[in-house]
Asks: 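My structure is below; once you've seen it, I'll send some questions.
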Amino acid sequence: MKAAGVTVVGVLPTHRRRGYLRAMMRSQLDAAQARGEPVAVLWATEDTIYGQFGYGMASMSAEIDVPREHTGAFAQIDTPGQARLVPLEEAEPLIAPIYERVARATPGMFARTSAWWQDRLLVDRPWQRGSGGALRCAVWEVDGSATAYAFYRVNQMFEHGNSTGNIFVVEAMGDSPQVTHAIWRFLFGIDWLARVKAVFLPVDHPLLLSLKAPRRLNFLVREGLWVRLIDVGAALSARGYATDDSIVIDVADEFWPWNAGRWRVGRGGVEKTAAEADLACDVSSLGCVYLGGFTFAQLARSMRVRELRAGALARADAMFRSDRAPWCPEVF
Ligand SMILES: CC(C)(COP(=O)(O)OP(=O)(O)OC[C@H]1O[C@@H](n2cnc3c(N)ncnc32)[C@H](O)[C@@H]1OP(=O)(O)O)[C@@H](O)C(=O)NCCC(=O)NCCS
């Protein structure tokens, strides 16, 4: 599905608070709709801004900062294969297919073109290094096939002769639980460093349950993607549902009123209806549930969804359920 990616929103300091952002948001929704993009997604620097334009907090994003001596595994697992360091210029054909396989199974990941890989991931510009080391790429190979990868930087520092440095994991993933485990064991095993750090991890990251000392991960969570349904009908038609049920949702959309009204939602299709509604909510709440990151029941407890027919929250949650937390591994 096509989606509009919104980023780096700004108004000159001489022109703020005169309605320019509001006007830009509206014309951006117009343009996205004309291009046939039923949703818009963004990462917000300021979490206060986008709710009023119909965006809902759709995923959470985690970071870790774990002392290496506390990275012991919960269980010893046999992980066939081995890691190989790959020059950045040779990496794309090995790692892009892994990303694609993970993306197909994970809500919130977007397709990367070759130009995206080359311009965004497989470059090591000096300003991106900060005080860190060169960007490295390791692939985990099983029987000669790449199945997992990690980009990382070694930020080496010493105090009194001991390393206080860290390995900063830019991105790591694998196309099965075994090889995901293997690539993280590889990263934890790079010695001479005190800590392992990573950002933009999914909230259901397997490390939480695969380390002996999960508290030592210092797992910190904040909001990730925000989603705005531009065309409720097209957006809800484009996603899958876990049950055969259907539900009628009365949607309010003050900023983009033509979405407003009662929508019957289900595997059989999504359409405007005159039927009685089961649930009522603002369009921003549909953004929250769209990728499966939040439930209607959670939103109801936060007074953002109203249950109009008994049992409707549970039915809607069964339909919208996702096995995996949504994950977008990079800020675009
Ligand atoms: C944030 C920014 C883009 C707003 O632009 P603007 O043209 O001043 O905004 P508008 O006048 O169109 O205001 C639209 C609405 O957003 C609100 N708003 C504006 N800036 C806000 C902020 N920083 N936080 C929360 N709400 C904000 C306004 O109160 C207004 O709501 P109202 O109509 O109910 O009063 C501008 O202040 C800016 O460039 N800031 C620095 C860069 C930045 O923070 N970008 C956002 C990155 S996520």
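Heads up: numbering here begins at 1 and tracks the sequence.
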Asks: Quick check, are the ring centers of F53 and W226 under 6.0 angstrom apart?
Replies: no

Asks: For residues I190 and L217: do they belong to one hydrophobic cluster (side chain heavy atoms under 4.5 Å, members Ile, Leu, Val, Met, Phe, Trp, Tyr)?
Replies: yes

Asks: Take atom CD in Q118; do more than 12 heavy atoms of anything else shown fall under 6.0 Å from it?
Replies: yes

Asks: Under 4.0 Å between a Lys/Arg side-chain N and an Asp/Glu carboxylate O for R324 and D204?
Replies: no

Asks: Apply side-chain contact (heavy atoms from CB on, under 4.5 Å) to the pair F255 and Q52, showing each step before the final yes or no.
Replies: CA-CA 8 Å; F255 189 66; Q52 65 194 300; over 6 Å; no

Asks: Taking the side chain as every heavy atom from C-beta outward, state whether L279 and E307 have any pair of such atoms under 4.5 Å apart.
Replies: yes

Asks: In the single-linkage hydrophobic clustering (I, L, V, M, F, W, Y; side-chain heavy atoms under 4.5 Å), do V227 and I230 co-cluster?
Replies: no

Asks: Regarding D250 and R306, does a basic nitrogen lie under 4.0 Å from an acidic carboxylate oxygen?
Replies: no

Asks: Of all heavy-atom pairs between L313 and A300, which one has the smallest distance, and what is that distance?
Replies: CD1-CB, 3.7 Å

Asks: Any chain of hydrophobic side-chain contacts (each under 4.5 Å) joining Y50 to W43?
Replies: no

Asks: Would you say R262's side chain and A274's backbone share a donor-acceptor pair under 3.5 angstrom?
Replies: yes

Asks: How close do I183 and V139 get, heavy atom to heavy atom, and via which atoms?
Replies: CD1-C, 4.4 Å

Asks: Taking it one step at a time, do D245 and I247 satisfy side-chain contact (heavy atoms from CB on, under 4.5 Å)?
Replies: CA-CA 7 Å; D245 205 355; I247 196 113; 5.5 Å; no

Asks: Strictly distance-based, threshold 3.5 Å: is any side-chain N or O of Y290 a donor or acceptor partner for the main-chain N or O of A235?
Replies: yes

Asks: State, with a plain yes or no, whether a side-chain heavy atom of R18 is found less than 4.5 Å away from one of V11.
Replies: no

Asks: Looking at S246, is its backbone amide N or carbonyl O close enough to the side chain of R264 to form a donor-acceptor pair, meaning the two atoms are under 3.5 Å apart?
Replies: no

Asks: Is there a path of hydrophobic side-chain contacts, each under 4.5 Å between heavy atoms of I, L, V, M, F, W or Y residues, that connects V169 with L207?
Replies: yes

Asks: May I ask you to test the S176-T147 pair for a side-chain heavy-atom distance under 4.5 Å?
Replies: no

Asks: Mark yes when over 12 heavy atoms from residues, nucleotides or ligands other than E69 sit less than 6.0 Å from its CD; otherwise mark no.
Replies: yes

Asks: Starting at OG1 of T79, measure out to CZ of R185 and round the result to the nearest 0.5 Å.
Replies: 9.0 Å

Asks: How many angstroms lie between CG in L121 and CG in D124, if you round to the nearest 0.5 Å?
Replies: 12.0 Å

Asks: For R222, is the CZ atom crowded, meaning more than 12 foreign heavy atoms sit under 6.0 Å from it?
Replies: no

Asks: For P87, does its backbone N or O pair with a side-chain atom of E90 as donor and acceptor, under 3.5 Å?
Replies: no

Asks: Salt bridge or not for E330 and R112, using N-O below 4.0 Å?
Replies: yes

Asks: Please report whether the ring centroid of Y241 lies less than 6.0 Å from that of F320.
Replies: yes

Asks: Nearest heavy-atom pair of G292 and R239: which atoms, and what distance?
Replies: N-NH2, 4.0 Å

Asks: State whether D175 and R104 are salt-bridged, where the test is any N-O pair (Lys NZ or Arg NE/NH1/NH2 against Asp/Glu carboxylate O) under 4.0 Å.
Replies: no

Asks: Report yes if the distance between the aromatic ring centroids of F110 and W116 is under 6.0 Å, otherwise no.
Replies: yes

Asks: Check whether any side-chain heavy atom of H181 lies under 4.5 Å from a side-chain heavy atom of P206, and answer yes or no.
Replies: no

Asks: Ring-plane angle category for W117 and F151, please: parallel below 30°, perpendicular beyond 60°, tilted otherwise.
Replies: tilted

Asks: How close do M109 and P329 get, heavy atom to heavy atom, and via which atoms?
Replies: CG-CD, 3.8 Å

Asks: Quick check against the 3.5 Å criterion: does W192 have a side-chain atom that pairs as donor or acceptor with the backbone of S163?
Replies: no

Asks: Would you compute the distance between atom CG of L42 and atom CG of L225 and round it to the nearest 0.5 angstrom?
Replies: 8.0 Å

Asks: Which value, rounded to the nearest 0.5 Å, describes the distance between L211 atom CG and F188 atom CZ?
Replies: 5.0 Å

Asks: Considering all heavy atoms of both residues, which atom of V142 and which atom of P80 are nearest to each other, and what is their separation?
Replies: CG2-O, 3.6 Å

Asks: If you apply the rule side-chain contact (heavy atoms from CB on, under 4.5 Å), what do you find for L122 with I95, and how did you get there?
Replies: CA-CA 11 Å; L122 297 170; I95 61 177; 4.1 Å; yes

Asks: With a 6.0 Å cut-off (strictly less than), is the heavy-atom count around CZ of F74, excluding the residue itself, greater than 12?
Replies: no

Asks: Given side chains that start at C-beta, do those of R68 and V196 come closer than 4.5 Å, heavy atoms only?
Replies: yes

Asks: Using the rule given for side-chain contact (heavy atoms from CB on, under 4.5 Å), can you reason through E171 versus Y149, listing the C-alpha separation, both sets of side-chain angles and the distance that settles it, and then say yes or no?
Replies: CA-CA 8 Å; E171 182 169 293; Y149 68 84; 2.6 Å; yes

Asks: Hey, which of T164, N166, N155, D65 is the one that makes side-chain hydrogen bond (donor to acceptor under 3.5 Å, both in side chains) with R195?
Replies: D65

Asks: For A103, does its backbone N or O pair with a side-chain atom of W327 as donor and acceptor, under 3.5 Å?
Replies: no

Asks: Would you confirm whether T7, through its side chain, and F332, through its main-chain N or O, come within 3.5 Å as a donor-acceptor pair?
Replies: yes

Asks: May I ask whether F296 and M60 are part of the same hydrophobic cluster, defined by side-chain heavy atoms of I, L, V, M, F, W, Y residues being less than 4.5 angstrom apart, directly or through others?
Replies: no

Asks: Are the side chain of D317 and the backbone N or O of A297 linked by a donor-acceptor pair below 3.5 Å?
Replies: yes

Asks: For the OG1 atom of T180 and the CE atom of M173, what is their distance to the nearest 0.5 Å?
Replies: 9.0 Å

Asks: Report, as yes or no, whether the 6.0 Å neighbourhood of atom NZ on K212 holds more than 12 heavy atoms from other residues, nucleotides or ligands.
Replies: no

Asks: Between W256 and D30, is there a side-chain heavy-atom distance shorter than 4.5 Å?
Replies: yes

Asks: Once you round to the nearest 0.5 Å, how far does OG of S210 lie from NE2 of H205?
Replies: 8.0 Å

Asks: Contact between R84 and L94 at the side-chain level, heavy atoms closer than 4.5 Å - yes or no?
Replies: yes

Asks: Which atom names give the shortest non-hydrogen contact between C281 and S285, and what distance separates them?
Replies: CB-CB, 3.9 Å

Asks: Heavy-atom count check: over 12 atoms from other residues, nucleotides or ligands less than 6.0 Å from R216 CZ?
Replies: no

Asks: Just by distance, no angles: are the side chains of S284 and R304 close enough, under 3.5 Å, to form a donor-acceptor pair?
Replies: yes

Asks: Report yes if the side chains of S322 and L291 come closer than 4.5 Å at any heavy-atom pair, otherwise no.
Replies: no

Asks: Between K272 (side chain) and A260 (backbone), is there a donor-acceptor pair under 3.5 Å?
Replies: yes

